[in-house]
Amino acid sequence: GRLVVGTFRIEKEQGRLVVGLTRTKDRACRALGISGLTLCKLMKDDITLQEPCVPELRARGMFMDEDDIALIRLALVSLVIEKQPVTLDSLLQRIKNDNPNWKWSRVTLYRALRDRCGIVFTTRRVDKRYYEKLHEDPANVLKRNIWRII
(Lines give C-alpha, C1' and ligand atoms only; values in the text may rest on other atoms or scores of the structure.)
Protein backbone atom coordinates (compact mmCIF):
# COMPACT_ATOMS: atom_id res chain seq x y z
CA GLY A 1 0.00 0.00 0.00
CA ARG A 2 2.77 2.47 0.86
CA LEU A 3 4.55 1.90 -2.47
CA VAL A 4 1.38 2.66 -4.42
CA VAL A 5 0.79 5.86 -2.44
CA GLY A 6 4.46 6.76 -2.86
CA THR A 7 4.29 6.31 -6.63
CA PHE A 8 1.23 8.54 -6.89
CA ARG A 9 2.86 11.13 -4.61
CA ILE A 10 5.98 11.22 -6.82
CA GLU A 11 3.80 11.66 -9.93
CA LYS A 12 1.86 14.46 -8.26
CA GLU A 13 5.04 16.26 -7.15
CA GLN A 14 6.73 15.95 -10.54
CA GLY A 15 3.55 16.82 -12.43
CA ARG A 16 4.01 13.94 -14.85
CA LEU A 17 3.53 10.20 -15.04
CA VAL A 18 6.40 7.99 -13.94
CA VAL A 19 5.29 5.28 -16.37
CA GLY A 20 2.81 5.88 -19.23
CA LEU A 21 -0.85 5.00 -18.79
CA THR A 22 -0.81 2.57 -21.72
CA ARG A 23 1.84 0.48 -19.95
CA THR A 24 -0.45 -0.67 -17.15
CA LYS A 25 1.62 -3.70 -16.18
CA ASP A 26 4.79 -1.61 -15.91
CA ARG A 27 2.89 0.87 -13.70
CA ALA A 28 1.63 -1.95 -11.50
CA CYS A 29 5.13 -3.45 -11.17
CA ARG A 30 6.61 -0.09 -10.21
CA ALA A 31 3.82 0.73 -7.76
CA LEU A 32 3.88 -2.70 -6.10
CA GLY A 33 7.65 -3.05 -6.16
CA ILE A 34 7.61 -6.48 -7.80
CA SER A 35 9.05 -7.87 -11.01
CA GLY A 36 7.06 -8.40 -14.18
CA LEU A 37 7.37 -12.18 -13.90
CA THR A 38 5.96 -12.10 -10.38
CA LEU A 39 3.07 -9.95 -11.52
CA CYS A 40 2.31 -12.35 -14.38
CA LYS A 41 2.39 -15.29 -11.93
CA LEU A 42 0.09 -13.45 -9.55
CA MET A 43 -2.32 -12.73 -12.37
CA LYS A 44 -1.90 -16.32 -13.66
CA ASP A 45 -1.44 -14.74 -17.05
CA ASP A 46 1.09 -15.73 -19.71
CA ILE A 47 1.15 -12.24 -21.28
CA THR A 48 4.59 -10.66 -21.13
CA LEU A 49 5.20 -7.04 -20.23
CA GLN A 50 6.58 -6.21 -23.64
CA GLU A 51 3.16 -6.46 -25.29
CA PRO A 52 1.40 -3.12 -25.65
CA CYS A 53 -1.93 -2.77 -23.90
CA VAL A 54 -3.40 -0.70 -26.72
CA PRO A 55 -3.71 -2.52 -30.07
CA GLU A 56 -1.68 -0.87 -32.81
CA LEU A 57 -2.88 0.03 -36.28
CA ARG A 58 0.22 -1.31 -38.01
CA ALA A 59 2.59 -4.19 -37.55
CA ARG A 60 5.75 -3.42 -35.60
CA GLY A 61 7.82 -4.87 -38.42
CA MET A 62 7.37 -1.56 -40.25
CA PHE A 63 6.69 -3.38 -43.50
CA MET A 64 4.76 -1.39 -46.08
CA ASP A 65 2.66 -3.30 -48.56
CA GLU A 66 2.59 -2.56 -52.27
CA ASP A 67 -0.53 -0.37 -51.97
CA ASP A 68 1.32 2.05 -49.70
CA ILE A 69 4.33 2.09 -52.03
CA ALA A 70 1.96 2.91 -54.91
CA LEU A 71 0.57 5.85 -52.89
CA ILE A 72 4.10 7.13 -52.34
CA ARG A 73 4.89 6.94 -56.05
CA LEU A 74 1.65 8.71 -57.02
CA ALA A 75 2.31 11.55 -54.59
CA LEU A 76 5.93 11.83 -55.76
CA VAL A 77 4.91 12.01 -59.42
CA SER A 78 2.18 14.58 -58.70
CA LEU A 79 4.67 16.85 -56.91
CA VAL A 80 7.10 16.58 -59.82
CA ILE A 81 4.35 17.31 -62.37
CA GLU A 82 3.30 20.38 -60.40
CA LYS A 83 6.97 21.44 -60.32
CA GLN A 84 7.03 21.69 -56.54
CA PRO A 85 10.20 20.88 -54.62
CA VAL A 86 10.03 17.33 -53.32
CA THR A 87 11.06 17.03 -49.69
CA LEU A 88 10.12 14.42 -47.12
CA ASP A 89 7.78 16.89 -45.45
CA SER A 90 6.04 17.95 -48.66
CA LEU A 91 5.73 14.33 -49.77
CA LEU A 92 4.30 13.23 -46.43
CA GLN A 93 1.87 16.15 -46.44
CA ARG A 94 0.69 15.30 -49.97
CA ILE A 95 0.19 11.64 -49.05
CA LYS A 96 -1.79 12.56 -45.93
CA ASN A 97 -3.94 15.01 -47.91
CA ASP A 98 -4.67 12.45 -50.64
CA ASN A 99 -5.16 9.52 -48.28
CA PRO A 100 -6.42 10.33 -44.76
CA ASN A 101 -5.93 6.69 -43.68
CA TRP A 102 -2.14 7.00 -44.00
CA LYS A 103 -0.63 5.49 -40.84
CA TRP A 104 3.13 5.63 -41.40
CA SER A 105 5.58 8.12 -39.92
CA ARG A 106 8.14 10.36 -41.62
CA VAL A 107 11.01 8.00 -40.75
CA THR A 108 9.17 5.00 -42.17
CA LEU A 109 8.43 6.99 -45.33
CA TYR A 110 12.15 7.77 -45.64
CA ARG A 111 13.07 4.10 -45.20
CA ALA A 112 10.49 3.02 -47.77
CA LEU A 113 11.82 5.55 -50.27
CA ARG A 114 15.38 4.43 -49.64
CA ASP A 115 14.91 0.67 -49.46
CA ARG A 116 11.92 -0.06 -51.65
CA CYS A 117 11.93 2.78 -54.21
CA GLY A 118 15.67 3.50 -54.44
CA ILE A 119 15.26 7.24 -53.76
CA VAL A 120 17.66 8.99 -51.39
CA PHE A 121 17.43 12.59 -50.23
CA THR A 122 20.80 14.24 -49.75
CA THR A 123 21.92 17.75 -48.97
CA ARG A 124 23.69 19.33 -51.91
CA ARG A 125 26.78 21.22 -50.95
CA VAL A 126 27.43 24.16 -53.24
CA ASP A 127 30.97 25.32 -53.82
CA LYS A 128 31.62 28.96 -52.89
CA ARG A 129 32.63 29.71 -56.45
CA TYR A 130 29.74 27.78 -58.02
CA TYR A 131 27.74 30.88 -58.97
CA GLU A 132 30.85 32.72 -60.15
CA LYS A 133 31.65 29.81 -62.46
CA LEU A 134 28.10 29.88 -63.80
CA HIS A 135 28.39 33.60 -64.39
CA GLU A 136 31.66 33.17 -66.33
CA ASP A 137 30.50 30.11 -68.31
CA PRO A 138 30.59 30.98 -72.07
CA ALA A 139 27.20 29.34 -72.70
CA ASN A 140 25.58 31.47 -70.01
CA VAL A 141 27.31 34.63 -71.27
CA LEU A 142 25.92 33.86 -74.73
CA LYS A 143 22.40 33.44 -73.27
CA ARG A 144 22.65 36.81 -71.52
CA ASN A 145 23.83 38.52 -74.69
CA ILE A 146 21.00 37.00 -76.74
CA TRP A 147 18.43 38.34 -74.32
CA ARG A 148 20.00 41.82 -74.58
CA ILE A 149 19.67 41.74 -78.37
CA ILE A 150 15.99 40.74 -78.28
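Values reported hereafter were calculated over all heavy atoms of this structure, with side chains retained and with hydrogens, waters and symmetry mates removed.
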Indicate every side-chain donor-acceptor pair of residues 74-83 with a distance under 3.5 Å to a residue at least two apart or in another chain.
from : atom 1 : to  : atom 2 : distance (Å)
S78  : OG     : L74 : O      : 3.4
S78  : OG     : A75 : O      : 2.8
S78  : OG     : R94 : NH1    : 3.0
E82  : OE1    : Q84 : NE2    : 3.1
E82  : OE1    : R94 : NH2    : 2.8
E82  : OE2    : R94 : NH1    : 3.4

Exercise for the section: Might you point out which heavy atoms bring M64 and I72 nearest each other, and give the distance in Å? Expected result: SD-CD1, 3.8 Å
Problem - Qualifying residue, where the test is side-chain contact (heavy atoms from CB on, under 4.5 Å) with L113 and the options are V120, L88, I69 - result: L88
Practice task
Check salt bridge (Lys or Arg N to Asp or Glu O under 4.0 Å) between D115 and all other residues, then give those that pass, not counting sequence neighbours.
Solution key: none
Practice task
Heavy atoms only: give me the nearest P85-S90 pair and the separation to one decimal.
Solution key: O-OG, 3.3 Å
Exercise for the section: Could I get the full list of salt bridge (Lys or Arg N to Asp or Glu O under 4.0 Å) partners for R106, not counting sequence neighbours? Expected result: D89
Problem - Listed partners of R114 passing side-chain hydrogen bond (donor to acceptor under 3.5 Å, both in side chains), at least two apart - result: none
Problem - All side-chain hydrogen bond (donor to acceptor under 3.5 Å, both in side chains) counterparts of N97, not counting sequence neighbours - result: Q93
Problem - side-chain contact (heavy atoms from CB on, under 4.5 Å) involving D65 - partner list, sequence neighbours excluded - result: D67, D68
Handout entry: Sequence-distant partners of R73, side-chain hydrogen bond (donor to acceptor under 3.5 Å, both in side chains), two or more places apart
Key = none
Exercise for the section: Check whether any side-chain heavy atom of L109 sits under 4.5 Å from a side-chain heavy atom of I95, and report yes or no. Expected result: yes
Practice task
Taking salt bridge (Lys or Arg N to Asp or Glu O under 4.0 Å) as the test, write out the residues that go with E136, two or more places apart.
Solution key: none
